[in-house]
Student: 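The structure that follows is given in the form of structure tokens.
Here the structure is a predicted model, which is why all the values come from computation and not from measurement.
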Amino acid sequence: EAEQLGGQPRWQILRDALLTWPEEDVQRDVQKYRGFVCRRAWLVRWMQGSGNDLVRALRRILAHLKWRQAYELDTIMDEDWSTFDQRGEMYVSGVDLDGRPTWTWNTYKHNA
């Protein structure tokens, strides 16, 4: 790993900081999304998007995890999307590389 700090890859430092964060509410979110938090590629993307600034990446990840909780993103597929489907606003347009459905949202048809 090219980006190392004290002999340890920066993404591992970021992962370890998240996994050992002292605040209970943060730990709850980190544990819920442990599958993301422990993934090298996910952490590297956050690092790159934060200009390889560990502190900035950490702050952004913590804000992202709060956002996921606040907007209940994990239950989005449990919602009733039939109204959007009937108006042609959203439709399943295929699957991603892992076989999960992908959606297309025709924003020009959306009346907010």
Student: If hydrophobic clusters are built from ILVMFWY residues whose side chains come within less than 4.5 Å, do Tyr91 and Trp105 share one?
Tutor: no
Student: Which distance, rounded to the nearest 0.5 Å, do you find between the CG of Leu58 and the CG of Leu43?
Tutor: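 Result: 10.0 Å between the selected atoms.
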Student: Should the pair Tyr71 and Trp67 be assigned to parallel (<30°), tilted (30 to 60°) or perpendicular (>60°) ring geometry?
Tutor: tilted
Student: State whether Asp74 and Arg68 are salt-bridged, where the test is any N-O pair (Lys NZ or Arg NE/NH1/NH2 against Asp/Glu carboxylate O) under 4.0 Å.
Tutor: yes
Student: What is the minimum heavy-atom distance between Ser50 and Ala57, and which atoms define it?
Tutor: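 For Ser50 and Ala57, the tightest heavy-atom pair comes out as OG-CA, 3.3 Å.
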Student: Please check this pair: side chain of Asp98 against backbone of Arg100, looking for a donor-acceptor N/O pair closer than 3.5 Å.
Tutor: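 No: the side chain of Asp98 does not pair with the backbone of Arg100.
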Student: Closer than 3.5 angstrom, by distance alone: can the side chain of Thr102 be matched with the main-chain N or O of Asp96 as a donor-acceptor pair?
Tutor: no
Student: Can you check whether Met47's main-chain N or O pairs, donor with acceptor, with Arg10's side chain at less than 3.5 Å?
Tutor: no
Student: For the residue pair Trp42 and His64, categorise the inter-ring angle as parallel (less than 30°), tilted (30 to 60°) or perpendicular (more than 60°).
Tutor: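 If you compare the ring of Trp42 with that of His64, the planes turn out tilted.
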Student: Enumerate, atom names and distances included, each donor-acceptor pair closer than 3.5 Å involving a side-chain atom of residues 16-28, sequence neighbours excluded.
Tutor:
residue	atom	partner	partner atom	Å
Asp16	OD2	Gln8	NE2	3.1
Thr20	OG1	Asp16	O	2.7
Gln27	OE1	Gln31	NE2	3.1
Gln27	NE2	Leu18	O	3.0
Gln27	NE2	Leu19	O	3.2
Gln27	NE2	Trp21	O	3.2

Student: Would you give the length of the straight line joining atom CZ of Arg59 to atom CH2 of Trp46, rounded to the nearest 0.5 angstrom?
Tutor: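 Answer rounded to 0.5 Å: 14.0 Å.
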Student: Between Arg15 and Val37, what is the shortest heavy-atom contact and its length?
Tutor: CG-O, 3.6 Å
Student: How far does CZ of Arg45 sit from CZ of Arg40, to the nearest 0.5 angstrom?
Tutor: 10.5 Å
Student: Output the distance between atom OH (Tyr33) and atom SG (Cys38), rounded to the nearest 0.5 Å.
Tutor: 15.0 Å
